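Here is the naming used below: chain letters follow the sequence lines, and residue numbers restart at 1 for every chain. These numbers come from the heavy atoms of this one structure, side chains and all, not from hydrogens, waters or symmetry mates. Being a predicted model, the structure only gives us computed values, none of them experimental.
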Amino acid sequence: MKTSNLLLATQRENPSDAETISHKLMLKAGLIRQVASGIYNWLPLGVKVLRKVENIVRREMEKSGAQEILMPMVQPGELWKESGRWQQYGKELLIFEDRHDREFCLGPTHEEIITDLCRNEIRSHKQLPVIFYQIQTKFRDEIRPRFGVMRSREFIMKDAYSFDLSEQQMDDSYQSMRDAYVRIFNSLGLDYRIVKADSGAIGGADSEEFHVLADSGEDLLAFSDKSDYAINAELLIESKSDQDPRSLEGQDSPDGKGKLKLKRGIEVGHIFKLGRKYSESMKLTVQSENGNIYPEMGCYGIGISRIVAAAIEQNHDDKGIIWSKEISPYTTALVEINPKGEKNLKNLCNQIYTSLKEQGHEVLWDDRDQSAGVKFSDMELIGIPQMIIIGEKSFRENKVEFKMRGEDKIVSLIPDEVLNKIQ
RNA sequence: CGGGGCAUAGCGCAGUCUGGUAGCGCACCUGCUUUGGGAGCAGGUGGUCGCAGGUUCAAAUCCUGCUGCCCCGACCA
């Protein structure tokens, strides 16, 4: 892609409406624009990153044998009344009526829909175990949306639901999803931790959260310095008289091994064992040799759009975003400087651009008629991990330059070498 | 929902106290010159000053009501 054909909506000024770093940078780098409180447009660069994250998630879901489906965002109130959550879920559930005065809500999650789907489609125990997933827009009418897409009302989530014949089988499904999540977060190139969590309004027994570590994270996490023990600090606070979570620092770990250390995290994934909560309330049964049984369910969420913000919270500098190459909108920025000075400079750019594309690299060629400083600043702001610089001086020596985002070092290479250098 | 703040051009802001032809920087358009870290000169485009009432000869400015957005809190995957 050439920048001359791209809606590169970078802004020079800091946006006045944003406080957190990821929110500021997402606006400034032209990834998103706000439409209403907690509701955003995703611009071309932002969508590129979203798709990268989605593709990693999708790849690992498929690898684990989960099947992709797509459920509606608009859901009939009837199903929510059946599960009991029409009353229970609260004002985060955005409710409205259609022209026939039938009640609907915008889906904040999909347990009701998936359970309804499965009770219609799944008859025999031979069809289990099964896991379905979707990547889809959710809506939760947050009391106070904040921090850009980090806590927005409309957001993109991958949610998966497992159905098993026994608790033991459910544990296997849970473990398989957990393994997939580990592969996903490893692939994303983020520093993350898994902690014990509260299962909250979704209901159910065991649950674990995946957190991207960042000082700006909303959640406080507690770790033992001697064992694997890791927990969302909220859970420890509930049982203490001292309500200040920071007081946990240095206390004995509840597992009896070592002392607690605290870190901040952004919750980007949450996996639950639901048990029979929904299968029983919504009468989902399968036939087996022992009669009809209620499947054991599990549900598994990943905040796709939140991951984009979390990645920026964790990886940025004073110049802007620093993407890992796995989720960067482009792997390589190609910056031409003063192409009018040397008439073959443009040709060299074109050759390198074409070759890299043939090698499967996603290259953003900054061919705008702008000064070098503007181009460097923009490419750094939008966080492209590798940059090739082609300017008059080096061109005359038949050299181009290569620079990694986040590093100061610039290396001079002949054009063929740079083709091998790019990853 | 409680507390605090903001609303003037695409972005960032001044002007409001003390009413008198709506401004600045950047961006954008034209032309020329420039070109290795956010270029220069010249000429341009763009705003019912969040909305609705009211006061006044006259309202961005004063008064009343409303709306939207941001931050802190409660809440939340």
| task | Answer with base, sugar-phosphate or nothing: what part of the nucleic acid does A/Glu342 contact at a heavy-atom distance below 4.0 Å? | result | nothing

| Looking only at atom P, what distance separates B/G19 and B/U61, rounded to whole Å? | 12 Å

| message | Minimum heavy-atom separation for A/Ile327 and A/Ala311, please, with both atom names. | response | CD1-CB, 3.8 Å

| query | Reckon A/Lys340 touches a base, only the sugar-phosphate, or nothing at all at heavy-atom distances under 4.0 Å? | reply | base

| In whole angstroms, how far is the C1' atom of B/C69 from the CZ atom of A/Arg153? | 11 Å

| query | Considering only B/C28, B/A77, B/C69, which nucleotide approaches the side chain of A/Arg140 most closely? | reply | B/A77

| said: Tell me whether the side-chain N or O atoms of A/Glu401 pair up with the base of B/G36 as donor and acceptor below 3.5 Å, since no angle test is needed here. | reply: yes

| Rounded to whole angstroms, how far apart are NZ on A/Lys138 and P on B/A77? | 14 Å

| said: At 4.0 Å (heavy atoms only), tell me whether A/Glu142 reaches a base, stays on the sugar-phosphate, or touches nothing. | reply: base

| Closest-nucleotide 5' rank along RNA chain B - winner of A/Pro15 and A/Ala372 | A/Pro15

| query | NA contact type, A/Ser152, heavy-atom cut-off 4.0 Å: base, sugar-phosphate, or nothing? | reply | base

| Under 4.0 Å between a side-chain N/O of A/Gln34 and OP1 or OP2 of B/C70, yes or no? | yes

| field | Verdict with supporting geometry, A/Lys81 and A/Glu103, salt bridge (Lys or Arg N to Asp or Glu O under 4.0 Å) | value | CA-CA 10 Å; A/Lys81 286 174 183 166; A/Glu103 290 174 307; 2.5 Å; yes

| Whole-Å distance separating the CG atom of A/Asp366 from the P atom of B/G36 | 15 Å

| query | With respect to the side chain of A/Glu92, which nucleotide from B/C76, B/G37, B/C72 is positioned closest? | reply | B/C76

| note | A/Val374 has its side chain closest, among B/C76, B/G38, B/C71, to B/G38

| field | Neighbour count >12 (heavy atoms, 6.0 Å) for atom NZ, A/Lys346 | value | yes

| At under 4.0 Å between heavy atoms, what does A/Ala18 touch on the DNA or RNA strands: base, sugar-phosphate, or nothing? | nothing

| task | Would you kindly give the CG-to-P distance between A/Leu8 and B/G38, to the nearest whole Å? | result | 18 Å

| message | Using the ring centroid of each side chain, check whether A/Tyr192 and A/Phe185 are separated by less than 6.0 Å. | response | yes

| task | Using the P atoms only, state how far B/G43 lies from B/C66, rounded to an integer number of Å. | result | 49 Å

| Complementary nucleotide for B/C17 - Watson-Crick or wobble, under 3.5 Å | none

| said: Rounding to an integer number of Å, can you tell me how far A/Tyr89 OH sits from B/A77 C1'? | reply: 7 Å

| task | Please check if any side-chain donor atom of A/Glu362 sits under 3.5 Å from a side-chain acceptor atom of A/Tyr330, or the reverse. | result | no

| request: Answer with base, sugar-phosphate or nothing: what part of the nucleic acid does A/Asp378 contact at a heavy-atom distance below 4.0 Å? | output: base

| message | Please give the distance between the C1' atoms of B/G20 and B/G25 as a whole number of Å. | response | 27 Å

| task | Taking only the side-chain heavy atoms of A/Ile143 (C-beta and beyond), determine which of B/C70, B/A74, B/U34 contains the nearest atom. | result | B/A74

| P atom, B/A59 versus B/G2: distance in rounded Å? | 35 Å

| message | Quick check on B/A39: is either OP1 or OP2 less than 4.0 Å from any side-chain nitrogen or oxygen of A/Ser371? | response | yes

| query | Which is true for A/Gly303 with a 4.0 Å heavy-atom rule: it touches a base, it touches only sugar-phosphate, or it touches nothing? | reply | nothing

| request: For nucleotides B/G5 and B/A14, find the distance between their P atoms and express it as a whole number of Å. | output: 16 Å

| request: Please measure how far the C1' atom in B/C63 lies from the corresponding atom in B/U55, and state the result in whole Å. | output: 7 Å

| request: Give the nucleotide from the list B/U35, B/G25, B/C70 with an atom nearest to the side chain of A/Ser37. | output: B/C70

| message | Pick the closest RNA chain B nucleotide for A/Arg146 and for A/Glu19 by heavy atoms, then say which residue is nearer the 5' end. | response | A/Glu19

| task | Could you measure between the two C1' atoms, the one in B/G50 and the one in B/A60, and give it in whole Å? | result | 12 Å

| Which part of the nucleic acid, if any, lies within reach of A/Ser377 when heavy atoms closer than 4.0 Å are counted: base, sugar-phosphate only, or nothing? | base

| said: Are A/Ile389 and A/Val400 packed together at the side-chain level, in the sense that at least one heavy-atom pair is separated by less than 4.5 angstrom? | reply: no

| request: Look at the side chain of A/Ile337 and decide which nucleotide, out of B/U35, B/C71, B/G25, has an atom nearest to it. | output: B/U35

| Can you tell me the Watson-Crick or wobble partner of B/C69, both distances under 3.5 angstrom? | B/G5

| query | With sugar-phosphate meaning primed atoms plus P, OP1 and OP2, does A/Phe147 contact a base, only sugar-phosphate, or nothing at under 4.0 Å between heavy atoms? | reply | sugar-phosphate

| query | Once you round it to whole Å, what is the distance between P of B/A39 and CG of A/Asn338? | reply | 14 Å

| field | Any strand: nucleotide that pairs with B/A39 via Watson-Crick or wobble, under 3.5 Å | value | B/U33

| query | Do A/Lys196 and A/Glu208 sit within salt-bridge range, that is, some charged N less than 4.0 Å from a carboxylate O? | reply | no

| Rounded to the Å, how far apart are A/Leu381 CG and B/G37 P? | 18 Å

| said: Could you check whether A/Lys138 makes a cation-pi contact with A/Phe155, meaning its NZ or CZ is under 6.0 Å from the centre of the six-membered ring and within 45° of the ring axis? | reply: no

| field | Residue-phosphate contact under 4.0 Å: A/Arg144 side-chain N/O, B/C72 OP1/OP2 | value | yes

| C1' atom, B/C76 versus B/A39: distance in rounded Å? | 50 Å

| field | For atom CG of A/Asp408 and atom P of B/G37, their distance in whole Å | value | 15 Å

| query | Can you find a side chain N or O atom of A/Ser394 that sits less than 4.0 Å from OP1 or OP2 on B/G36? | reply | no

| message | Any strand counts, and the cut-off is 3.5 Å on both contacts for Watson-Crick or G-U wobble. Which nucleotide pairs with B/C62? | response | B/G54

| task | Name all pairs fulfilling the side-chain hydrogen bond (donor to acceptor under 3.5 Å, both in side chains) condition that reach into residues 299-319 of chain A, sequence neighbours left out, sorted by first residue then second. | result | A/Ser22-A/Glu313, A/Ser162-A/Tyr300, A/Ser216-A/Glu313, A/Asp317-A/Arg405

| Is a donor-acceptor pair below 3.5 Å formed from side chain A/Glu13 to base B/G10, judging by atom type as modelled? | no

| task | Name the nucleic acid region contacted by A/Glu209, choosing base, sugar-phosphate or nothing; use a 4.0 angstrom heavy-atom cut-off, strictly under. | result | nothing

| What is the pairing partner of B/A74, taking Watson-Crick or G-U wobble pairs with both distances under 3.5 Å in any strand? | none

